[in-house]
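Below is one structure, written out as structure tokens; the observations come after it.
Keep in mind that what you see is a predicted model, and the values were worked out from it rather than measured.
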Amino acid sequence: GLVIERASGSVLVVENTTRTQLARVEGLGDLSHASIVYSRDARYGFVFGRDGGLTKVDLLTAKIVGRIIQAGNSIGGAISQNGRLVAVSNYEPGGVKIFDSNTLELIAEIPTESKTVGLVDAPGNRFVFSLYDSGEIWIVDMSDPHTPKITKFENVGTQPYDGLISPDGRYYIAGLFGEDGMAMVDLWNVDKGPT
């Protein structure tokens, strides 16, 4: 696994059996509030930095194999169910960008005119995220990577923020920062709209 060292802009490669540090990888930029997702084979870690950096780290060689600055300020990401796409949620300039997980080539850009937060992967190579400023939840279907299909839910509540998906992939839930509540979308019955 990887452990974020936010103050130094580095990550530790660790193994959990004997709880030892195997290596340190440096040069990952601003890692305050950084997060990581792993490739489906667990060889690579994709680190989302607060400076808009997306860094691909090889856990076997303990080296950076790809790094791009894709926005001014990012807040996390997710990897698609098939492992081929990595999505990044952005504060500045907002929106979500989706990249090829092998090459980090830009596949799709989803502008939102809002900070995007709570990004998760969902079954069927979909991504779900919340729009903090406009109180919305969007589903992006990447079944065909060249033609993203977007489903939008408006007026889900004030400032949806942290998002999660249930273990069966059915429910997306966003905590509301601006009010005492949560918003939920049933991904198996999207026509019902948000609760």
Side-chain angles (χ1 to χ4, degrees), residues 1-92 95-110 116-129 140-146 148 162-169 172 187:
L2 296 175
V3 176
I4 298 290
E5 294 186 308
R6 67 180 279 180
S8 61
S10 57
V11 294
L12 296 179
V13 180
V14 298
E15 64 88 19
N16 295 320
T17 303
T18 61
R19 299 182 184 193
T20 56
Q21 173 186 327
L22 302 176
R24 173 176 280 116
V25 182
E26 299 178 330
L28 281 81
D30 182 356
L31 296 183
S32 56
H33 299 283
S35 62
I36 304 167
V37 297
Y38 295 93
S39 60
R40 295 299 177 219
D41 62 3
R43 175 169 181 176
Y44 300 101
F46 296 89
V47 182
F48 308 98
R50 202 57 186 254
D51 58 0
L54 167 59
T55 308
K56 183 178 180 181
V57 176
D58 186 332
L59 276 75
L60 293 182
T61 64
K63 298 201 181 302
I64 293 173
V65 292
R67 178 168 165 76
I68 57 171
I69 302 297
Q70 55 82 46
N73 188 337
S74 59
I75 192 66
I79 191 163
S80 62
Q81 187 178 42
N82 66 9
R84 295 182 183 152
L85 303 170
V86 174
V88 186
S89 181
N90 293 305
Y91 265 18
E92 181 62 42
V96 169
K97 290 185 179 177
I98 302 171
F99 300 89
D100 180 293
S101 65
N102 187 38
T103 64
L104 299 186
E105 173 189 352
L106 182 65
I107 300 293
E109 188 168 355
I110 315 294
T116 55
V117 292
L119 175 65
V120 301
D121 66 294
N125 295 314
R126 295 179 294 171
F127 295 104
V128 187
F129 57 90
V140 178
D141 185 338
M142 293 297 292
S143 303
D144 177 356
H146 304 292
D162 291 328
L164 59 87
I165 191 164
S166 60
D168 60 4
Y172 174 81
L187 299 175

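- One N or O on the side chain of Asp51 and one on the backbone of Asp30 form a donor-acceptor pair closer than 3.5 Å.
- Between the CG atom of Leu2 and the CG atom of Leu22 there is a distance of 10.5 Å, given to the nearest 0.5 Å.
- Within the 3.5 Å criterion, the main-chain N or O of Phe48 finds no donor-acceptor partner in the side chain of Ser74.
- In this structure, the side chain of Arg40 engages the main chain of Ile79 through a donor-acceptor pair within 3.5 Å.
- Side-chain atoms of Asn82 never come within 3.5 Å of backbone atoms of Asn125 as a donor-acceptor pair (strictly under, hydrogens ignored).
- Among residues two or more places apart in sequence or in another chain, the salt bridge (charged side-chain N to carboxylate O under 4.0 Å, His left out) test is passed with Arg6 by none.
- For Arg67, the CZ atom sits in a packed shell: over 12 heavy atoms of surrounding residues, nucleotides or ligands are nearer than 6.0 Å.
- Note that OG1 of Thr116 and CD1 of Ile110 are 10.5 Å apart. Values are rounded to the nearest 0.5 Å.
- A donor-acceptor pair under 3.5 Å is absent between the side-chain atoms of Gln21 and the main chain of Arg24, judged by distance alone.
- Lys56 and Asp100 are not joined by a salt bridge, as no carboxylate oxygen comes within less than 4.0 angstrom of a charged side-chain nitrogen.
- Checking side-chain atoms of Glu109 against main-chain N and O of Lys97 turns up no donor-acceptor pair under 3.5 Å.
- With sequence neighbours excluded, no residue satisfies side chain to side chain donor-acceptor pair (under 3.5 Å) with Asn16.
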